[in-house]
Amino acid sequence: KVITRLASHKNTADFLARKMCTYLVADDPPQELVSEISRFMKKSKFDMRATTIRILRSDEFRSRKHFRRKFKTPFEFIASALRVTNSKIISTQRLLRDLEEMGQPIYRCEDPTGVMAVRWKFAMDLVSEKIKGVKIPTEFFDGIKGQRDATMIKRLGDKILPGGLRPRTISTLLRVCKKQRMDILEEQHLIELAELDGEEPPKKKTRIPIEKRLLAVLLGSPEFQRQ
């Protein structure tokens, strides 16, 4: 009886309609869509399958302005990062710890967005193979490693974000490539100068390969943080 009374309450359809539109369309869905779905829900006698289809077929769902408007939860971020890189998972202990640091311990979520600094660190640790029990397979970088900057960015972008990259993100990735090349050239120059002077050359720094650094930047990009 309680369920029946709740279902017949005048605000139930509005509440459920907003919840569904928030989940499927945008964190702040258009009121026009919420009202339309509420009316449809009442008319269909709360047929949730039909209601879902109605939302998916709406202009608002397909609108470009709602593309990548929903922010991933920490769980969604980690799951999508592991899935898109085809990572092999042997142990989940570190993953569970990272989820907790991002604010979404399993079954105890407090903050649906998570700490961005922790997300960026997770992305860098993932590509650097610093997450115990998790590894991105070498073949993931087939056709990417050793290519020109623009080609690497294009192919990684197609793999990670097939919906496309913002010009600003592409510009950032190109700067990352340029900086790594300049750092390597400067290091080589210092080594050559030391050898000419008969001094002990400085030790070469251990660097993350550029294709992995670009992947980390993409996983931490605003585009990847959104659903």
Side-chain angles (χ1 to χ4, degrees), residues 1-85 87 89 92-123 126 157 160-166 168-169 218-227:
K1 290 183 177 180
V2 173
I3 299 297
T4 301
R5 292 186 66 179
L6 279 175
S8 60
H9 193 280
K10 63 179 183 177
N11 293 331
T12 299
D14 293 341
F15 176 80
L16 292 177
R18 179 166 293 280
K19 283 284 187 181
M20 292 183 71
C21 291
T22 297
Y23 183 76
L24 293 170
V25 180
D27 291 332
D28 185 19
Q31 183 56 46
E32 297 82 359
L33 176 64
V34 174
S35 298
E36 178 192 340
I37 296 304
S38 176
R39 290 192 297 270
F40 179 83
M41 195 175 288
K42 293 173 184 175
K43 186 177 179 181
S44 67
K45 297 182 179 180
F46 293 90
D47 185 331
M48 304 310 285
R49 182 176 183 274
T51 301
T52 302
I53 292 173
R54 182 70 171 236
I55 295 173
L56 297 180
R57 289 178 176 173
S58 69
D59 292 337
E60 289 84 355
F61 179 80
R62 292 174 290 180
S63 172
R64 184 71 186 180
K65 71 178 181 179
H66 293 134
F67 179 61
R68 287 181 182 157
R69 297 300 298 173
K70 289 182 58 60
F71 203 77
K72 291 179 181 176
T73 65
F75 184 87
E76 291 168 336
F77 166 66
I78 287 182
S80 59
L82 297 175
R83 182 179 64 248
V84 79
T85 57
S87 294
I89 302 172
T92 61
Q93 288 186 347
R94 166 64 191 275
L95 301 177
L96 294 174
R97 191 176 78 222
D98 284 330
L99 271 173
E100 186 152 4
E101 288 182 1
M102 290 182 197
Q104 192 181 9
I106 298 299
Y107 303 122
R108 292 185 292 119
C109 180
E110 298 167 1
D111 177 2
T113 58
V115 182
M116 284 306 304
V118 181
R119 291 188 182 217
W120 294 328
K121 183 179 183 299
F122 175 85
L126 176 63
I160 306 300
L161 291 160
L165 301 175
R166 298 180 308 160
R168 185 174 179 179
T169 300
L218 278 172
L219 293 177
S221 68
E223 291 96 312
F224 194 77
Q225 303 310 311
R226 300 187 182 279
Q227 297 177 354

> For I160 and F224, which heavy atoms make the closest approach, and how far apart are they?
Replying inline: CG2-CD1, 3.6 Å
> For the atom pair OG1 (T169) and CG (L161), what is the distance rounded to the nearest 0.5 Å?
Replying inline: 8.5 Å
> Excluding sequence neighbours, so at least two apart, what forms salt bridge (Lys or Arg N to Asp or Glu O under 4.0 Å) with R166?
Replying inline: E223
> Can you list the residues that meet the side chain to side chain contact (heavy atoms under 4.5 Å, CB included) rule with Q225, with sequence neighbours excluded?
Replying inline: F71, F77, M116, R119
> Given F67 and R226, is the side-chain contact (heavy atoms from CB on, under 4.5 Å) satisfied, shown in steps?
Replying inline: CA-CA 9 Å; F67 179 61; R226 300 187 182 279; over 6 Å; no
>> Could you measure the distance from the CG atom of L95 to the CD1 atom of I89? Nearest 0.5 Å is fine.
In response: 6.0 Å
> Within a strict 4.5 Å, meaning less than it, do heavy atoms of the H66 and P30 side chains meet?
Replying inline: yes
>> Within the supplied structure, the quantity of interest is the number of heavy atoms (other residues, nucleotides, ligands) at a distance under 6.0 Å from F75 CZ; does it exceed 12?
In response: no
> Is the shortest heavy-atom distance from the side chain of L16 to the side chain of I37 under 4.5 Å?
Replying inline: no
>> Donor-acceptor check, side chain of S44 to backbone of M41, threshold 3.5 angstrom: yes or no?
In response: yes
> How many angstroms lie between atom CG of D27 and atom SG of C21, to the nearest 0.5 angstrom?
Replying inline: 12.5 Å
Give the table of side-chain donor-acceptor pairs shorter than 3.5 Å for residues 46-54, with sequence neighbours excluded, one pair per line with atom names and distance.
residue: D47; atom: OD1; partner: R49; partner atom: N; Å: 3.2
residue: D47; atom: OD1; partner: A50; partner atom: N; Å: 3.0
residue: T51; atom: OG1; partner: D47; partner atom: O; Å: 2.8
residue: T52; atom: OG1; partner: M48; partner atom: O; Å: 2.8
residue: R54; atom: NE; partner: E36; partner atom: OE2; Å: 3.2
residue: R54; atom: NH2; partner: E36; partner atom: OE2; Å: 3.4

>> Using the side-chain hydrogen bond (donor to acceptor under 3.5 Å, both in side chains) criterion, which residues pair with S221? Sequence neighbours excluded.
In response: none
> Are any non-hydrogen side-chain atoms of F122 and I78 less than 4.5 angstrom apart?
Replying inline: yes
> Who pairs with D28 by side-chain hydrogen bond (donor to acceptor under 3.5 Å, both in side chains), at least two apart in sequence or on another chain?
Replying inline: none
> L219 and A123: which non-hydrogen atoms are nearest, and at how many Å?
Replying inline: CB-CB, 3.8 Å
> How about M102 and T73: do any of their side-chain heavy atoms sit closer than 4.5 Å?
Replying inline: no
>> Under a 3.5 Å distance rule, please check whether K42 uses its side chain to pair with a backbone N or O of A13 as donor and acceptor.
In response: no
> Which residue pairs satisfy the side chain to side chain donor-acceptor pair (under 3.5 Å) criterion with at least one member in residues 14-25, sequence neighbours excluded?
Replying inline: D14-S38, R18-Q31
> Which residues pass the side-chain hydrogen bond (donor to acceptor under 3.5 Å, both in side chains) test with R39, sequence neighbours left out?
Replying inline: none
> Yes or no on side-chain contact (heavy atoms from CB on, under 4.5 Å) for L165 and L218, after CA distance, side-chain angles and deciding distance?
Replying inline: CA-CA 9 Å; L165 301 175; L218 278 172; 3.7 Å; yes
